[in-house]
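Input: a single structure, listed below in structure tokens.
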Amino acid sequence: MAIASVLTNTFKAELLKGGHNFNASGDTPAGDAFKIALYDDSASMGTTTTVYSASDEVSGSGYSAGGNALTNTGVGTTTVTSFTDFSDTSWTSASFTARGCLIYNTDVLTGFTTNRSVCTIDFGGNKTVSSGTFTIQFPTNDASDAIIRITS
């Protein structure tokens with residue numbers, strides 16, 4: 001199976017319909033709630049992934065189904081790029097192997113599916129933690145590095 005590093009098709013369509021708010025929690029209005037779930041090398045995810053699924057999600061100590069809540073670091077813009085990112089997140093006292101992840105929106109919004117996908121990310125290989133801390137380090141929230149960037 002394979003995991004692609006992409007923004008999902010449903011995310012792009014829902015973005016145009018007002019289905020995702022990436023404001024930081026201190027902003028008005030506050031942004032939506034996002035989570036990150038980890039998947040093993042049996043997972044097949046990419047542009048056609050529409051919602052969170054527990055199928056092929058990692059299991060092991062220190063990991064709970066559905067993954068971790070994310071903290072959005074807000075939205076920024078330059079003359080040609082708009083971008084957003086999240087704060088790093090970790091699983092402690094963990095033992096599991098992950099190949100990639102899904103970032104998804106857990107907010108309930110009329111007219112939209114709950115737990116709708118944002119993006120899938122391939123780690124480039126299996127990443128294993130054994131009785132330790134598994135950390136996802138997000139890039140800098142800027143026009144060149146943020147995990148979500150839209151350019152013209």
Side-chain angles (χ1 to χ4, degrees), residues 1-15 19-27 30-76 81-109 112-151:
M1 300 293 172
I3 300 173
S5 294
V6 297
L7 295 175
T8 64
N9 291 340
T10 54
F11 167 71
K12 292 179 276 189
E14 291 165 352
L15 194 61
H20 298 275
N21 178 345
F22 287 94
N23 278 348
S25 59
D27 292 347
D32 292 345
F34 295 90
K35 290 186 83 174
I36 184 170
L38 303 177
Y39 291 85
D40 64 29
D41 58 6
S42 296
S44 182
M45 300 187 307
T47 57
T48 60
T49 301
T50 57
V51 295
Y52 159 77
S53 168
S55 180
D56 299 316
E57 190 172 8
V58 303
S59 63
S61 63
Y63 186 84
S64 297
N68 281 356
L70 291 172
T71 300
N72 190 286
T73 57
V75 175
T81 305
S82 294
F83 52 90
T84 191
D85 216 331
F86 301 96
S87 297
D88 296 349
T89 189
S90 297
W91 290 264
T92 58
S93 302
S95 293
F96 55 78
T97 298
R99 172 62 196 225
C101 66
L102 169 71
I103 295 174
Y104 62 103
N105 187 333
T106 64
D107 268 22
V108 176
L109 187 60
F112 293 94
T113 304
T114 303
N115 295 331
R116 54 200 182 276
S117 65
V118 172
C119 64
T120 60
I121 301 169
D122 178 28
F123 296 158
N126 285 334
K127 306 299 178 188
T128 301
V129 60
S130 180
S131 299
T133 300
F134 188 92
T135 301
I136 302 286
Q137 293 180 320
F138 284 95
T140 304
N141 191 16
D142 63 29
S144 300
D145 302 305
I147 199 76
I148 299 172
R149 298 182 308 269
I150 300 173
T151 61

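Basis for what follows: all heavy atoms, side chains included, without hydrogens, waters or symmetry-related copies.
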So which heavy atom on [X] is nearest to which on [Y], and how close?
X      : Y      : answer
Thr47  : Leu7   : CG2-O, 4.3 Å
Ala37  : Gly66  : CB-O, 3.9 Å
Leu102 : Ser117 : CD1-CB, 3.8 Å
Ser95  : Ser131 : OG-N, 2.8 Å
Asn68  : Thr89  : ND2-OG1, 2.9 Å
Asn23  : Val75  : N-CG2, 4.4 Å

Give me the ring orientation class for His20 and Phe34: parallel if the planes are under 30° apart, tilted from 30 to 60°, perpendicular past 60°.
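Parallel, since the angle between the ring planes stays under 30°.
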
Before giving the answer on side-chain contact (heavy atoms from CB on, under 4.5 Å), spell out for Phe11 and Thr120 the whole-Å C-alpha distance, their side-chain angles and the decisive distance to 0.1 Å.
CA-CA 11 Å; Phe11 167 71; Thr120 60; over 6 Å; no

Can you sort out the partners of Asp107 under side-chain hydrogen bond (donor to acceptor under 3.5 Å, both in side chains), two or more places apart, ordered by chain and number?
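Result, side-chain hydrogen bond (donor to acceptor under 3.5 Å, both in side chains) vs Asp107: none returned.
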
Which residues share a side-chain hydrogen bond (donor to acceptor under 3.5 Å, both in side chains) with Thr135, sequence neighbours left out:
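Checked Thr135 against side-chain hydrogen bond (donor to acceptor under 3.5 Å, both in side chains); matches are Ser90.
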
Any donor-acceptor N/O pair, [X] side chain to [Y] backbone, under 3.5 Å:
X      : Y      : answer
Ser93  : Gly62  : no
Thr140 : Asp142 : no
Thr8   : Cys119 : no

For side-chain contact (heavy atoms from CB on, under 4.5 Å), just list the numbers for Ile147 and Ile121, CA-CA rounded to whole Å, side-chain angles, deciding distance to a tenth of an Å, and then say yes or no.
CA-CA 10 Å; Ile147 199 76; Ile121 301 169; 3.8 Å; yes

To the nearest 0.5 Å, tell me how far [X] [atom1] sits from [Y] [atom2].
X     : Y      : atom1 : atom2 : value
Thr49 : Arg116 : OG1   : CZ    : 15.5 Å
Phe86 : Thr71  : CZ    : OG1   : 9.5 Å
Ser87 : Gln137 : OG    : CD    : 12.0 Å
Asp40 : Ile3   : CG    : CD1   : 7.5 Å

Under 4.5 Å between any side-chain heavy atoms of [X] and [Y], yes or no?
X      : Y      : value
Lys12  : Leu15  : no
Phe138 : Leu70  : yes
Thr113 : Thr50  : no
Asn21  : Leu109 : no
Phe22  : Ile148 : yes
Leu38  : Ile136 : yes
Phe123 : Asp41  : no
Tyr52  : Lys35  : no

For Phe83, all residues meeting ring pair (Phe, Tyr, Trp, His ring centres under 6.0 Å), sequence neighbours excluded:
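With sequence neighbours excluded, Phe83 shows a ring pair (Phe, Tyr, Trp, His ring centres under 6.0 Å) to no residue whatsoever.
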
Tell me every residue that passes salt bridge (Lys or Arg N to Asp or Glu O under 4.0 Å) with Glu57, counting only those two or more places apart in sequence or in another chain.
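Partners of Glu57 under the salt bridge (Lys or Arg N to Asp or Glu O under 4.0 Å) test: none.
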
Suppose the criterion is salt bridge (Lys or Arg N to Asp or Glu O under 4.0 Å): which pairs have a residue in residues 42-52, not counting sequence neighbours?
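For residues 42-52: none.
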
Which pairs with one or both residues in residues 88-99 pass salt bridge (Lys or Arg N to Asp or Glu O under 4.0 Å), sequence neighbours excluded?
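Output for this query lists Arg99-Asp122.
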
Tyr63 and ring pair (Phe, Tyr, Trp, His ring centres under 6.0 Å): which partner among Trp91, Phe134, Tyr39?
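Option passing the ring pair (Phe, Tyr, Trp, His ring centres under 6.0 Å) with Tyr63: Trp91.
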
